[in-house]
Amino acid sequence: MTRSATPKMTLGELAERLGARLVGDAGRQVSGLATLNTAEPGQVAFLANRAYLKDLPGTRAAAVLLHPQHAESCPVDRLELDNPYLGYAAASRLFDPLVGREPAGIHPSAVVDPTATLGARVEIGPLAVIEAGACLGDDVTVGPGSVVGADTTIGAESRLHANVTVYHGVVIGRRAVLHSGCVVGGDGFGFAHDGSRWHKIAQLGGVVLGDDVEVGSCSSIDRGALGDTLIGNDVKIDSQVQIAHNVQIGEHSALAGCVGIAGSTKVGRHCMLGGGVGLAGHLTLCDGVQVTGMSLVTNSIHEPGVYSSGTGAMSNAQWRKNAVRFKHLDDMAKRLARLEKGRGA
């Protein structure tokens, strides 16, 4: 897989493509992005968080993406946007050296079953395997060492990075991105116990990923026991996330690293789960729920909003005292109730 040179463009071209208001030299050439305090004169920086406002006066960048309210503090050319972070996201794709390069085709060491269907401009890297009946849309990239299981479908313009494993019978939409080490379609954790040992339950469902889904490295999405595990359009999944069998995640939701979701739980649209959040099984989270990091959710949530259950860090000495008192909370609550009842409260 060859890597093309970093794209170059003028500030005028960049402003037009971002829909930004340029104050400065439209002919100045730029060739990349950097932070305010590391940018060189040929790079563009951005300011989206006020915490970095202190770095703006000393920046050496060719130009800065920023909100108009910070224009007076900018010592260099500027690209003004109401949402500079969104502008940075768009600019990052414009300067991505992997975008716009020519596909390398099918590597001689790749194994492609003759019954697989490949669209136009498909790229398959060294030692990758495409099994029987798989269907890859136009402009799909399968990285080195990746495996696409039998009868799996991958939509156009999707990319599997190196060492991705997609099991049989999985459906992946258009423009999906699967990062190295992730596994889609592995067996769900299904076993029956007879009193002495476990008996495996065959996982007969599949996994369906919508369009524009991104799955981080070393994350796992299990196939359904009977029906499918469903991941909606534009869902973003960070690294080391575990999604169990028959989970459903609504469109435009985002899951940060180390989230764990137990089987058959349904997460609504536009939900955000912070790092380390755990959801028990067979729950429902309505649309618009945000759960802060390290929280454990054991009951369904029916009203949108922000929810938390974890406690913040404190000194070990203070934590040990509080842990002891926690054991007495139930007794204290009962004593308080008796006191209030005796006073007629």
Side-chain angles (χ1 to χ4, degrees), residues 1 89-90 92-93 96 98-107 110-125 128-186 205-224 227-239 241 243 245-255 267 269-270:
M1 184 181 294
S92 70
R93 296 192 297 273
D96 186 348
L98 293 180
V99 174
R101 64 177 180 79
E102 288 296 320
I106 300 174
H107 193 273
V111 178
V112 181
D113 190 276
T115 64
T117 301
L118 307 182
R121 299 172 300 280
V122 165
E123 178 176 335
I124 302 176
V129 176
I130 312 298
E131 294 185 349
C135 181
L136 278 57
D138 294 345
D139 302 296
V140 165
T141 298
V142 178
S146 291
V147 177
V148 177
D151 301 315
T152 280
T153 298
I154 300 179
E157 302 177 65
S158 292
R159 175 183 292 274
L160 278 59
H161 287 272
N163 299 315
V164 169
T165 300
V166 181
Y167 278 59
H168 62 281
V170 170
V171 177
I172 297 175
R174 298 169 59 91
R175 299 176 299 278
V177 179
L178 277 60
H179 289 278
S180 295
C182 75
V183 178
V184 180
V207 178
V208 177
L209 271 60
D211 296 338
D212 303 298
V213 170
E214 184 153 346
V215 182
S217 59
C218 298
S219 288
S220 295
I221 304 175
D222 293 345
R223 66 190 316 107
D228 295 331
T229 301
L230 303 175
I231 311 298
N233 295 332
D234 193 40
V235 169
K236 308 303 181 188
I237 299 169
D238 198 1
S239 301
V241 170
I243 298 174
H245 54 191
N246 298 106
V247 166
Q248 298 181 25
I249 300 178
E251 296 181 348
H252 315 296
S253 290
L255 286 60
V267 177
R269 294 159 48 95
H270 297 283

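Since the model is a prediction, treat every value here as computed from it, not as a measurement. Note that these values count all heavy atoms, side chains included, but never hydrogens, waters or copies made by symmetry.
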Looking at every non-hydrogen atom in both residues, tell me the closest pair between [X] and [Y] and how far apart they are.
X	Y	value
Ala134	Val148	CB-CG1, 4.0 Å
Gly173	Ser158	O-OG, 2.8 Å
Val142	Ala128	CG1-CB, 4.0 Å
Tyr167	Val183	CE1-CG1, 3.5 Å
Gly185	Arg223	O-NH1, 2.7 Å
Gly216	Cys182	O-CB, 3.5 Å

Item to check | Arg175 and its side chain to side chain donor-acceptor pair (under 3.5 Å) partner, picked from Asp234, Asp212, Asn233 | outcome: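 That would be Asp212; it is the only one of Asp234, Asp212, Asn233 passing the side chain to side chain donor-acceptor pair (under 3.5 Å) with Arg175.
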How long is the gap from [atom1] on [X] to [atom2] on [Y], to the nearest 0.5 Å?
X	Y	atom1	atom2	value
His245	Thr229	NE2	OG1	8.0 Å
Arg174	Glu157	CZ	CD	5.5 Å
Thr141	Asp139	OG1	CG	7.5 Å
Ile124	Leu136	CD1	CG	6.0 Å
Ile130	Cys135	CD1	SG	11.0 Å
Leu209	Thr153	CG	OG1	12.5 Å

Side chains of [X] and [Y], heavy atoms from C-beta outward: is any pair under 4.5 Å?
X	Y	value
Val170	Ile221	no
Glu214	His179	yes
Ile237	Ile231	yes
Asp228	Val171	no
Leu178	Ile172	yes
Leu230	Val208	yes
Val267	Leu255	no
Ile243	Val207	no

Applying side-chain contact (heavy atoms from CB on, under 4.5 Å) to Ser239 and not counting sequence neighbours gives Ser217
Judged by atom type as modelled, is there a donor-acceptor pair below 3.5 Å linking the side chain of [X] to the main-chain atoms of [Y]?
X	Y	value
Glu123	Ala104	yes
Ser146	Asn163	yes
Ser253	Val235	no

Inset, instruction - Take Val215 and Val164 through the side-chain contact (heavy atoms from CB on, under 4.5 Å) test and state the conclusion after the steps. - result: CA-CA 10 Å; Val215 182; Val164 169; over 6 Å; no
Next item on the list: Kindly write out the residues that satisfy salt bridge (Lys or Arg N to Asp or Glu O under 4.0 Å) with Asp211, not counting sequence neighbours, or none if the list is empty.
Entry: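 None.
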Sorted by chain and number, sequence neighbours left out, ring pair (Phe, Tyr, Trp, His ring centres under 6.0 Å) with His107 holds for none
